[in-house]
Structure formats: C-alpha cells, structure tokens
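All values below come from the heavy atoms of this structure, side chains included, with hydrogens, waters and symmetry mates left out. Whatever order the structure lists them in is the order used to number ligands and atoms, beginning at 1.
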Amino acid sequence: MAAGAIVYDAVYKDHDTGNHIESSSRMDAIIERIQEDEHARRIPRVKPAKATVDQVRANHDPNYVASVRQLAQAGGGWLDLDTYCSSKSYDVALLAVGGAICAVDAVAADASNAVAVVRPPGHHAVRDKAMGFCIFNNVACAAKYALSHHDIDRILIVDWDVHHGNGTQASFYDDAHVLYASTHQQPFYPGTGDFEEVGSGEGEGFTVNLPLRPGVNDESFFYAYDHLFIPIAKQFEPQLTFISAGQDVHYADPIGGMLVTSDGFRGLTERIKSATPRGKVIACLEGGYNLQALADSVLAVCGSLFDFPTRINDDAVDQGVSKHVCDRVDKAITIQSEYWQL
Ligand SMILES: [Zn+2]
C-alpha cells in the first residue's frame with residue numbers, strides 16, 4: 001500500500017445548505033466509509049489550511065470574491081438559483097480551495113497520490129460567479145497554484161462528473177499548459193461541453209469534450225477512456241493529474257442518468273493513473289448525491305490511488321459497449337485527430 005494523503009477537515013460541514021442535496025451529510029458518509037475500511041483508515045489524513053485570497057483571485061474576479069465574503073458576513077443568501085451561501089460558506093469555500101492546494105503540496109512532497117474530500121464543489125464556478133452548487137473553482141485554483149509554485153507546466157484534468165465542468169474549461173480554454181477532458185451527460189446542466197469546444201488560441205486542442213446521452217455503463221466509459229482520453233493524455237505527458245471526481249455518474253445517483261458502478265470508478269482511476277506514469281494523481285470531490293454510492297465510489301478511487309484492494313458488491317448493471325458510445329467516441333476522434341494521433 002502506497003503512502004498517500006486524504007485531505008479533509010470536518011469544517012467542510014459548516015457550509016450549511018439546509019435541505020439541499022449538496023449537504024454536509026456527504027462528508028459524513030465518505031469519512032465513515034473510509035474509517036470502516038481496514039486499508040483506507042490507515043492512509044494519512046491531512047488537514048488543509050484556508051486558501052489565501054490571492055490564491056482564489058488567481059482564478060476569480062476580485063469583486064466576485066469580495067461579494068461572497070460580504071454575503072456571508074451579512075448572514076448568507078443565494079448566490080444563484082441553486083447555490084446557497086451560509087454565514088460560514090465564504091470561509092469553508094476558501095478551505096475547499098485550500099484542500100485542493102494542500103493535495104498539490106502533499107504530492108509534490110512525498111505522498112504518492114492524494115484524495116481531497118472537500119465541499120462546496122468547484123467545477124461549475126466561473127471567474128465572476130457561482131454556479132451549480134459551486135462557489136470557487138477548487139481544481140482550477142489548485143492547478144494555477146501548481147503551475148506557479150511548483151516545477152510543473154503540464155497538468156491534465158479529467159472530469160468524470162455527470163455535469164460538464166464549464167468553469168474549469170473556461171479557466172484554461174486558451175491555455176496549452178492544462179489539458180481539460182470531460183465526459184458528461186447531454187443535454188443537461190449547464191449546457192456546455194459540445195464536441196466542437198476544443199480550446200482557442202494557444203489552447204486549441206487542449207480541451208476534449210465527450211458529451212453522452214444517459215445510460216452509459218462501466219464498459220462504455222472504459223471504451224471512451226481507452227480510445228480517446230488515455231491516448232491523448234499519454235501524448236500530453238502530464239506531470240500532475242487532477243480528477244474532478246463527481247460520483248453523480250453512479251447508477252444510483254438521484255440527479256444523473258449514467259450507470260457507473262462503484263467498482264467502475266476504480267477502473268476509470270486505473271486508466272488515469274496509467275496516463276500519468278511519471279506524475280501524481282489528485283482526486284478532488286465534485287458531485288455525487290446518493291450517500292452510499294458516493295461513499296463506496298470514493299473508497300474505490302482511494303483503493304486505486306493508494307494501491308489497496310477494494311471489492312464493492314454493487315448490483316450488476318447491464319454491460320457491453322453501447323453503439324451510441326462508439327459513435328460518439330468516433331466523432332470526438334475525428335475532431336481531436338487534428339491535434340493528436342488517434
Ligand atoms: Zn455533477
């Protein structure tokens with residue numbers, strides 16, 4: 001079993017969203033599952049520090065950052081139609097960014113890989129506004145931190161959340177240092193992430209989108225990774241890889257319509273590791289709203305990243321690679337072949 005790091009702080013539960021589906025009980029479910037597992041409980045836990053305002057401003061408009069602080073200080077309120085800010089949410093959102101940054105520092109030191117169990121999630125947050133339960137973009141801020149504070153200039157971000165990570169894509173759309181690759185349900189919130197969104201300027205070819213209809217199972221996701229994401233990632237040769245780990249692609253998730261099993265997340269993580277042979281991998285929590293499925297899936301990711309066995313007895317869901325996915329992968333390959341050997 002490799003020495004890794006699980007970044008977590010109970011303070012994440014202080015982002016009080018009431019009866020919202022993105023609730024503090026997600027943290028309890030994950031941490032209890034880790035604690036129950038004889039291997040996972042031995043992975044070192046690291047408590048993060050809050051990100052500095054400058055670390056957040058590296059990816060966000062200073063006026064927006066200040067507006068979140070002011071709303072929290074005033075007692076809280078809605079940042080957008082589905083993103084709530086409680087009185088403590090500004091500080092917790094800084095700690096979520098700090099958690100992703102802490103994971104960067106941990107793997108840059110001696111941790112093999114890292115898992116950041118953080119909330120609020122981040123991948124929808126754009127430069128000047130909150131979106132889709134996300135206040136600050138944790139992975140985007142941490143990637144910018146890694147580029148500026150460590151000897152790293154090629155970062156891969158694989159986003160398997162059922163929703164497209166519009167905020168992360170936008171952060172690096174014209175940047176060749178960060179390759180953003182996303183599978184997501186379409187049509188679905190937030191409506192971005194079509195095949196033709198491939199980046200612009202120096203970043204053209206460094207955004208890879210594979211929008212999918214609902215009902216995609218493990219084997220079909222593996223097929224997409226094996227034929228599209230992983231060949232591109234291996235040519236890119238990332239020095240550091242983030243997984244925007246949204247477990248709302250699990251078949252039991254109440255929001256998403258995908259069919260990934262808990263064990264399936266291990267298969268995806270193994271593939272991402274194989275594409276990062278000389279670098280470290282950080283899985284940073286995004287969505288995932290069935291508590292049992294979320295906890296099991298995070299355990300499977302930990303098992304892959306920290307090299308311990310996991311076998312989660314999910315109900316078998318239909319298997320086999322669907323023609324729909326083959327067709328979608330073919331279309332993406334046609335578009336991406338302009339930039340990569342596929
Ligand atoms: Zn999501």
Side-chain angles (χ1 to χ4, degrees), residues 12 15 17 20-27 29-30 79-84 93 96-97 99-100 115-126 129-140 142 157-171 180-194 197 207-218 221 224 229 242-262 264-265 268-269 272 282-298 300-301:
Y12 289 130
H15 170 49
T17 54
H20 196 285
I21 196 164
E22 197 294 290
S23 72
S24 61
S25 52
R26 300 174 68 232
M27 299 286 99
I30 293 169
L79 285 160
D80 83 338
L81 283 174
D82 49 19
T83 313
Y84 191 70
V97 174
V115 172
V117 181
V118 305
R119 67 184 284 273
H123 73 155
H124 294 307
V126 294
K129 65 179 179 187
M131 282 180 68
F133 319 165
C134 302
I135 297 178
F136 301 136
N137 194 315
N138 308 317
V139 167
I157 301 173
V158 180
D159 187 333
W160 69 43
D161 191 284
V162 76
H163 305 95
H164 181 242
N166 59 300
T168 311
Q169 173 174 296
S171 289
Y180 177 73
S182 174
T183 50
H184 41 274
Q185 190 169 314
Q186 185 195 59
F188 212 37
Y189 184 89
T192 49
D194 215 342
E197 294 170 31
T207 294
V208 183
N209 279 305
L210 182 62
L212 298 166
R213 289 203 300 263
V216 178
N217 61 18
D218 288 352
F221 271 101
F229 284 4
F242 288 92
I243 303 171
S244 256
Q247 282 62 249
D248 43 12
V249 277
H250 194 284
Y251 70 85
D253 192 84
I255 292 184
M258 295 304 187
L259 300 176
V260 177
T261 67
S262 301
F265 289 97
L268 295 177
T269 310
I272 292 167
I282 295 169
C284 187
L285 187 67
E286 301 282 1
Y289 305 101
N290 175 298
L291 297 181
Q292 173 86 39
L294 173 65
D296 285 347
S297 304
V298 170
V301 172

Checklist entry - Can you give the angle Asp248 OD2 - the Zn ion (ligand 1) - Asp161 OD2, rounded to 10°? => result 90°
Next on the checklist: What verdict does the side-chain contact (heavy atoms from CB on, under 4.5 Å) test give for Ile157 and His123, after you've listed the backbone C-alpha separation in whole Å, the side-chain angles of each residue and the deciding distance to 0.1 Å?
Outcome noted: CA-CA 11 Å; Ile157 301 173; His123 73 155; over 6 Å; no
Next on the checklist: Treating Asn290 as the side-chain partner and Ala252 as the backbone partner, does any N or O pair qualify as donor plus acceptor under 3.5 Å?
Outcome noted: yes
Next on the checklist: Would you say the Zn ion (ligand 1) has Glu286 as a near neighbour, meaning an N/O/S atom of that residue under 2.8 Å away?
Outcome noted: no
Item to check | Any side-chain heavy-atom pair of Tyr289 and Phe133 under 4.5 Å | outcome: yes
Checklist outcome for this item: For the Zn ion (ligand 1), the nearest N/O/S atom on His163 is atom ND1
Checklist outcome for this item: In short, Gly287 meets Leu294 closest at the heavy-atom pair O-CD1, 4.0 Å
